[in-house]
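Worksheet: the structure to be examined is printed underneath.
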Number of protein chains: 2
Amino acid sequence: MTTDTHIRDLINRLARLDSAAGWEGDLNPTQRAMLGYLDRANRFSRSPSHVSDYLGITRGTTTQSLKSLRQKGYVNERRSDIDKRVVSYDLTQTGREAAAIPAPLEESLSALNASDQQALRQLLQNMLQDILAKNDGREFGLCKTCRHHRERDRGPYCALLDVALTRDEPHQICHEQVSA
Amino acid sequence: MTTDTHIRDLINRLARLDSAAGWEGDLNPTQRAMLGYLDRANRFSRSPSHVSDYLGITRGTTTQSLKSLRQKGYVNERRSDIDKRVVSYDLTQTGREAAAIPAPLEESLSALNASDQQALRQLLQNMLQDILAKNDGREFGLCKTCRHHRERDRGPYCALLDVALTRDEPHQICHEQVSA
DNA sequence: CACTATTAGTATCGAGTCGAAACTATTGCA
DNA sequence: TGCAATAGTTTCGACTCGATACTAATAGTG
């Protein structure tokens with residue numbers, strides 16, 4: 001059906017234009033995407049494996065890209081004390097600044113009215129969930145939308161990992177997130 | 001605004017998943033995108049420049065990719081007689097077959113009902129037009145939606161190039177297309 | 001009609017993406 | 001304790017991609 005191809009093309013073209021604009025400075029589109037993910041992911045979701053799952057690439061590739069991001073001073077590596085296999089990445093100050101520059105796609109997005117934005121988000125989200133379900137991929141939704149998220153007296157809390165959360169963590173991406 | 005980032009992420013993730021699935025056989029995602037474009041573009045729109053404009057990459061890159069597509073037997077090169085600088089690419093039989101395999105994104109798309117599809121297409125199209133307008137990029141719409149397209153007694157006709165069109169050309173992509 | 005500017009396309013370079021496959025180190029489990 | 005699973009890394013080869021410098025053909029101007 002020609003109709004289908006069309007929407008697919010639109011999505012790919014939009015992403016491509018977003019990418020093309022993403023060559024700003026010494027970052028390429030993939031590096032920018034990683035930076036963006038690390039910026040929005042919580043402390044449980046910042047390992048090479050998580051980045052790989054989110055971007056849909058292999059861990060080998062991710063290792064390479066994270067290495068070049070580290071060499072350019074955008075991220076710091078940190079090994080876990082609990083599980084010595086695990087590595088986690090933090091954005092440096094430079095990294096946070098770079099993650100903050102807006103893309104042309106965002107400007108165009110803010111031109112849409114609120115209800116259109118809502119509709120668009122909903123439709124895209126449904127598609128994404130559908131595809132992820134078929135590929136047993138994870139959703140990487142926001143912590144606060146998860147079935148394990150609780151609001152307690154002393155603040156937010158994760159019932160899956162059994163840990164107290166800081167005030168901003170519910171708004172971050174979690175690799176364990178499962179929609180309620 | 002977190003809201004904006006979200007939609008942008010959705011679009012990029014969908015495109016990325018589409019890409020990741022696009023490694024089938026001996027084609028990579030970019031090669032697959034080029035093949036798809038060449039398959040849907042009319043005879044006036046199949047040069048390296050047009051591919052570059054459509055994909056938002058430089059001509060140098062496009063030349064390289066077309067070269068590898070040709071070596072693998074997916075496309076044929078043809079120099080124009082009128083303007084000897086111009087080259088045009090045709091899909092081979094193998095190329096047409098490869099362009100026909102559907103992506104997971106398409107299946108997920110057909111799960112949406114017709115009105116949702118229409119709504120989604122419209123919203124994405126508006127965004128695309130908006131972004132293209134800001135970057136003086138071309139729309140690459142279908143011939144039949146163009147202001148130069150005419151329906152004559154002897155069949156479809158292009159008033160811009162002053163040529164008669166075959167029956168299927170109005171349904172193809174044209175680099176000269178300008179929405180009516 | 002000659003001269004210059006523009007346009008179409010190509011080659012080369014360096015950095016980096018990407019999957020595949022082979023590998024190390026750690027942890028989990030029976 | 002010993003083997004399987006997991007997290008991450010390395011290496012390889014093919015390729016993308018922008019930048020830059022290039023050739024050839026056409027267009028436009030005086």
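These numbers come from the heavy atoms of this one structure, side chains and all, not from hydrogens, waters or symmetry mates. Proteins get letters first, then strands, A, B, ... in listed order; numbering begins at 1 in each. Quick caveat: nothing in here was measured; it's all calculated off a predicted structure.
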Q: Residues of residues 28-39 of chain B with any non-hydrogen atom less than 4.0 angstrom from an atom of DNA chain D: list those, numerically ordered, please.
A: B:N28, B:T30, B:Q31
Q.
Both B:S65 and B:K84 contact DNA chain D. Which one's nearest nucleotide lies toward the 5' end?
A. B:S65
Q) Please give, in whole Å, the distance from D:dT9 P to A:I57 CD1? A) 13 Å
Q: Could you note down all residue pairs passing salt bridge (Lys or Arg N to Asp or Glu O under 4.0 Å) where residues 55-75 of chain A supplies at least one of them, sequence neighbours left out?
A: A:R70-A:E77
Q: Write down the distance between CG (A:D53) and P (C:dG19), rounded to a whole number of angstrom.
A: 12 Å
Q: May I ask you to evaluate whether B:T58 reaches the phosphate of D:dC17, defined as a side-chain N or O under 4.0 Å from OP1 or OP2?
A: no
Q.
When you measure from the side-chain N and O atoms of B:R16 to the phosphate of C:dC18, is any distance below 4.0 Å, counting only OP1 and OP2?
A. yes
Q.
B:F140: which residues meet the ring-ring contact (aromatic ring centres under 6.0 Å, His included) condition with it, sequence neighbours left out?
A. B:Y37, B:Y54
Q | Per-nucleotide protein contact string for nucleotides 9-15 of chain C, where B marks a base within reach and S marks sugar-phosphate only (heavy atoms under 4.0 Å, - for neither) | A | BBBB---
Q. Base, sugar-phosphate, or nothing for A:G56, non-hydrogen atoms under 4.0 angstrom?
A. sugar-phosphate
Q. Between C:dC18 atom C1' and B:L27 atom CG, what is the distance in whole Å?
A. 15 Å
**Q.** Donor on one side chain, acceptor on other, B:R16 and A:T30, under 3.5 Å
**A.** yes
Q. Please, which pairs that meet salt bridge (Lys or Arg N to Asp or Glu O under 4.0 Å) have at least one residue in residues 28-39 of chain B, sequence neighbours excluded?
A. none
Q) Residues in side-chain contact (heavy atoms from CB on, under 4.5 Å) with A:D116, at least two apart? A) A:L112, A:N113, B:L123
Q. Going by the salt bridge (Lys or Arg N to Asp or Glu O under 4.0 Å) test, which pairs reach into residues 79-96 of chain A, not counting sequence neighbours?
A. A:R46-A:D90, A:R78-A:D90, A:D83-A:R85
**Q.** Rounded distance (Å) that lies between atom P of D:dC17 and atom CG of B:L55
**A.** 8 Å
**Q.** Between B:T61 and B:T58, a side-chain donor and acceptor under 3.5 Å
**A.** yes
(Q) Distance check needed: D:dT20 C1' versus A:W23 CH2, whole Å only. (A) 15 Å
**Q.** Where at least one partner belongs to residues 141-165 of chain B, residue pairs that pass salt bridge (Lys or Arg N to Asp or Glu O under 4.0 Å), sequence neighbours excluded
**A.** none
Q: Check ring-ring contact (aromatic ring centres under 6.0 Å, His included) between B:F44 and all other residues, then give those that pass, not counting sequence neighbours.
A: none
Q: Check every strand shown and say whether B:I82 touches a base, only sugar-phosphate, or nothing at a heavy-atom separation below 4.0 Å.
A: sugar-phosphate
